[in-house]
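Okay, structure first, notes after.
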There are 4 protein chains.
Amino acid sequence: MTSALGRPRDARTHTAILAATVELVVETGYGSLAIGNIATRAGVGKDAIYRRWPGKPELVYEAVFTSVDASPIPDTGTLIGDVTVLVAGLLDEFAAPAAAAALPGLLADFAAQPALRARIREDFLAPAKSRLIELFDRAAARGELSTDIPVDLILDSLAGTVLFHVGLVGAPVPPGLADRLAEMIVLGIQTR
Amino acid sequence: MTSALGRPRDARTHTAILAATVELVVETGYGSLAIGNIATRAGVGKDAIYRRWPGKPELVYEAVFTSVDASPIPDTGTLIGDVTVLVAGLLDEFAAPAAAAALPGLLADFAAQPALRARIREDFLAPAKSRLIELFDRAAARGELSTDIPVDLILDSLAGTVLFHVGLVGAPVPPGLADRLAEMIVLGIQTR
Amino acid sequence: MTSALGRPRDARTHTAILAATVELVVETGYGSLAIGNIATRAGVGKDAIYRRWPGKPELVYEAVFTSVDASPIPDTGTLIGDVTVLVAGLLDEFAAPAAAAALPGLLADFAAQPALRARIREDFLAPAKSRLIELFDRAAARGELSTDIPVDLILDSLAGTVLFHVGLVGAPVPPGLADRLAEMIVLGIQTR
Amino acid sequence: MTSALGRPRDARTHTAILAATVELVVETGYGSLAIGNIATRAGVGKDAIYRRWPGKPELVYEAVFTSVDASPIPDTGTLIGDVTVLVAGLLDEFAAPAAAAALPGLLADFAAQPALRARIREDFLAPAKSRLIELFDRAAARGELSTDIPVDLILDSLAGTVLFHVGLVGAPVPPGLADRLAEMIVLGIQTR
DNA sequence: AAATAAGCGAGACGGTACGTCGAGTCTTCAA
DNA sequence: TTGAAGACTCGACGTACCGTCTCGCTTATTT
């Protein structure tokens, strides 16, 4: 059991850094976000940041995406209902101001480093995939679906579509987007 | 007709800059790509670059995406065939080494600037949309399709899926990806 | 006899360059004086300047010091009177706006290049020395002076004092400066 | 008493910068002296220089003229002796390799900026003037001198002559220069 | 008249240095 | 050991001039 030696880390420092990060990423955008500015805004030294996170991508990731897997797996009784809830959740999360501001740059930095690239798969895709599989298993048990489902393709489609719309097109999310996207994909795979 | 005044710009300089950009973006990645290094590699002064392009995003865009709209609109006789050809074209273009290396960072920079964000819509989405509409019109004429088609949603899905897979997941493109994606989307809209 | 081949140089171009140089050196100072700006102000190409002068120092020198040796050798009847006139002439010339603005930087550039350094001696010191010698010869003939006069030292003193005051101290020239300087030096050498 | 906050400036960095400046100004001359090269030679970042000095003139001034007022006020018993020592000191200081290399360009830069121009008067002329006044007071007490002495004129003459000779004429300093200059000026003012 | 040749304004060209900014690390004192 | 402050090296930024060059055009002399 490792006991803490020396002065313990201050939780308020942690909080202040994350809060400052969220504020600044909205104000200046991810690309113009400087660690030094975050430190100043948080009333903190730069080292206090580098002591906790290896760099900007990891810090922003933690600051912006806190509740990724907090939401429970939906169970509405129909596949299309479940997928709609899932997509709506994605949209909610990615369309938030800080997320929308951070996403393109953040993804670019993650994509550029193999080590971070792996985290996209592990932290984001893998849990989402297991959720999807559960939905499909339930749907198959109800007889809604055949068994050989291209889960990876569906995952790429759902996430890619949402990210593309929110992060790159930059347009506001139209009302029925989640419903229409879920319907299209589910019909596409149900029809064989 | 205004005749050119002063010494005209050297086409070889132009070419050398674009070539050096493609080389370096593959070698170092978009984020580490420095204008000064491009200039040195091209045997050119930095001014020669800034005279032609306002910044790194515009330069890389022109260097990497040259033949966006060069390919003819496919006409295979079936909607699913046409869309497959379209998606395969997207995959070919985005999976090329320079494009794959440049894409995430490039999209981040474009997304960060409203002026550039507009260019995504104008230079990329608008032409793609008109192509899609033509395919759908032909399909509707053949009776393959009803008339109220969510073109924007389909566009987001096709482009988003391809970009997500190539740019972020970073995995090699599996053999049948184009066919399976096209099939899923087309079935998804034909059924409803 | 070499006859002029091709189009002869335009005298108005010459004039315009010199005029623009004088204007700009007063407005911006010697250090911030750029050949390109002179060309623009004169409505002229940069080559028209480089065709006539090797560089900024030579151009400014010609633009600012036109009438160096135009004034006649003074002959007032007394040595002190002659030297006073000489010093007053120096002060007039060096205190003019363009000259005062150009002098320190110009001298620095001349001093930095051995080739130009020689021109200080030839174009400026040598003629002044021969003038001084004539004054001293006349004074010796009148019995005002012994014969072994340290002409070089006197020259350094007169020129150095005036340049130091005008160029570096930057103070306005006090009324009796020429008289008092001439008196001090002449008495200093007459007493021997 | 305010205690120093943050990491204190490293004295070795300071020293290394000044040493590199002296070396380079001798090797390349003042005009070709580049801040970036000084930084490289000193093994230091450019910021470390700009943090301490506002620009090249101030840096070179501090690097080259360290011991301006270190020498004690001479007291030889006669005015001419005292002034000779003073002039010899000026010559020694200005004829040193680094000083001779820096002087013309340095003076030009100082003269070009009003703020620096004032420093010539404050840091250099004012102390020298008070020294001169002390010499003259002692001489007057000994009866060597009348009381109304044009101190400013004498200062301009001594400094101007030395600077002109060393900085612009560029000739080596002849052996008896200090004696002869001091003699001329002192006789010039003693004779009334 | 045609050929030749230099001058001319405009501006592109390869360089070099500028002064600023951010990165990530290090060093001080205080808690 | 944490923490705020700020100095440290490094590297890229975008700009400004340098002095040269390459255009189309003009203005002279020579054939």
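Letters A, B, ... mirror the listed sequences (proteins, then strands); counts begin at 1.
- Side-chain atoms of C/Leu18 and C/Trp53, non-hydrogen and from C-beta on, do get closer than 4.5 Å to each other.
- To the nearest angstrom, C1' of F/dT31 lies 12 Å from CG of C/Leu5.
- Atom CD1 of A/Ile35 and atom P of F/dG6 are 19 Å apart (whole Å).
- Taking atom CG on A/Asp109 and atom C1' on E/dG22, their separation rounds to 14 Å, with Å as the unit.
- One interatomic measurement links the two molecules: NZ of B/Lys46 to P of E/dA12, which rounds to 18 Å at whole-angstrom precision.
- Projected onto DNA chain E by closest heavy-atom contact, C/Ala42 and D/Tyr50 fall at different nucleotides, the more 5' of which corresponds to C/Ala42.
- Here the rule is ring pair (Phe, Tyr, Trp, His ring centres under 6.0 Å) with C/Tyr61, and of C/Phe110, C/Tyr30, C/Phe124 only C/Phe110 fits it.
- Out of E/dT28, F/dT9, E/dA31, the shortest distance to the side chain of D/Pro8 is found at E/dT28.
- Two residues are said to be in side-chain contact when any heavy atoms from C-beta on lie closer than 4.5 Å; C/Ile49 and C/Thr21 fail this criterion.
- Judged by closest nucleotide on DNA chain F, B/Gly36 is the one of B/Gly36 and C/Leu33 placed further toward the 5' end.
- Within the structure, a side-chain polar atom (N or O) of A/Arg51 is placed less than 4.0 Å from OP1 or OP2 of F/dG3.
- At F/dA7, none of the side-chain N or O atoms of D/Thr13 fall inside 4.0 Å of OP1 or OP2 (strictly under the cut-off).
- A sub-4.0 Å separation between OP1 or OP2 of F/dC8 and a side-chain N or O of D/Arg52 is present.
- Regarding C/Ile49, its CD1 atom lies at a distance of 15 Å from the P atom of E/dG7, rounded to whole Å.
- When the nearest nucleotides of DNA chain F are assigned to D/Asp10 and C/Ser32 by heavy-atom distance, the more 5′-ward of the two goes with D/Asp10.
- C/Phe65 places a side-chain heavy atom less than 4.5 Å from the side chain of C/Leu103.
- The 12-atom threshold is not exceeded at CZ of A/Arg12, counting heavy atoms of other residues, nucleotides or ligands nearer than 6.0 Å.
- For the pair A/Gly55 and B/Arg7, nearest-nucleotide mapping onto DNA chain E gives the more 5' position to B/Arg7.
- Counting any heavy atom pair closer than 4.0 Å across all strands shown, A/Lys56 reaches no nucleic acid atom.
- Within the 4.0 Å cut-off from OP1 or OP2 of E/dA6, not a single side-chain nitrogen or oxygen of C/Arg9 is found.
- Rounded to whole Å, the distance from CH2 on B/Trp53 to C1' on F/dG14 is 16 Å.
- The distance from atom CG of B/Asp47 to atom P of E/dG14 is 10 Å, rounded to the nearest whole Å.
- Here F/dA12 presents its P atom at 12 Å from CD1 of B/Ile38, a figure rounded to the nearest Å.
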